Amino acid sequence: MAKEDENANVGNADKSTPGSEKANDFERGFRRGRIEGMIAYQKHLIENLQKENEKLTIKLNEMKLQ
């Protein structure tokens, strides 16, 4: 069981080195950029759905008038 504890600490030691801090910063930036991209895409989808909804509402109203 002592070996398992020793191996667990080896992985944690790498997280405090300057190179790994840069890697962590990159990873955080990558995740943030991905989330921002998903939000922008969803806004784009919403805008398109609203436009399509307006067109379909007009068509429906035209059909009711006939």
Side-chain angles (χ1 to χ4, degrees):
M1 189 146 179
K3 283 192 173 189
E4 289 177 13
D5 293 338
E6 289 172 10
N7 291 339
N9 291 332
V10 170
N12 293 334
D14 291 337
K15 292 183 180 179
S16 63
T17 61
S20 66
E21 287 177 23
K22 289 181 183 179
N24 288 336
D25 289 343
F26 173 81
E27 194 64 34
R28 277 192 294 270
F30 181 78
R31 284 190 308 234
R32 180 179 176 156
R34 184 172 180 187
I35 291 169
E36 289 173 350
M38 287 189 285
I39 290 170
Y41 179 68
Q42 289 176 347
K43 286 181 181 180
H44 175 73
L45 287 176
I46 290 168
E47 289 171 3
N48 286 344
L49 287 171
Q50 288 173 336
K51 290 176 187 176
E52 187 176 349
N53 188 6
E54 289 173 11
K55 291 177 185 177
L56 291 172
T57 302
I58 291 169
K59 284 184 180 182
L60 179 62
N61 289 333
E62 289 173 354
M63 291 177 73
K64 286 181 182 179
L65 293 175
Q66 294 177 353

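As the structure is a prediction and not an experimental result, all values here were calculated from the model.
Checked by atom type and distance alone, the side chain of Asn61 pairs as donor or acceptor with a backbone atom of Thr57 at under 3.5 Å.
Between Asn53 atom CG and Ile46 atom CD1 the span is 12.5 Å, to the nearest 0.5 Å. Note: Lys51 NZ to Leu56 CG = 14.5 Å, rounded to the nearest 0.5 Å. In this structure, the separation between CZ on Phe30 and CD1 on Ile35 is 11.0 Å, given to the nearest 0.5 Å.
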Asn48/Glu52 under side-chain contact (heavy atoms from CB on, under 4.5 Å): CA gap, chis, key distance, verdict: CA-CA 6 Å; Asn48 286 344; Glu52 187 176 349; over 6 Å; no
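Only one option out of Met38, Arg31, Glu36 pairs with Arg34 in a side-chain contact (heavy atoms from CB on, under 4.5 Å); it is Met38.
One finds no salt bridge joining Glu47 and Lys43 here, because no Lys/Arg side-chain nitrogen approaches an Asp/Glu carboxylate oxygen to under 4.0 Å.
Checked against side-chain hydrogen bond (donor to acceptor under 3.5 Å, both in side chains), Asp25 has the following partners two or more places apart in sequence or in another chain: Arg28.
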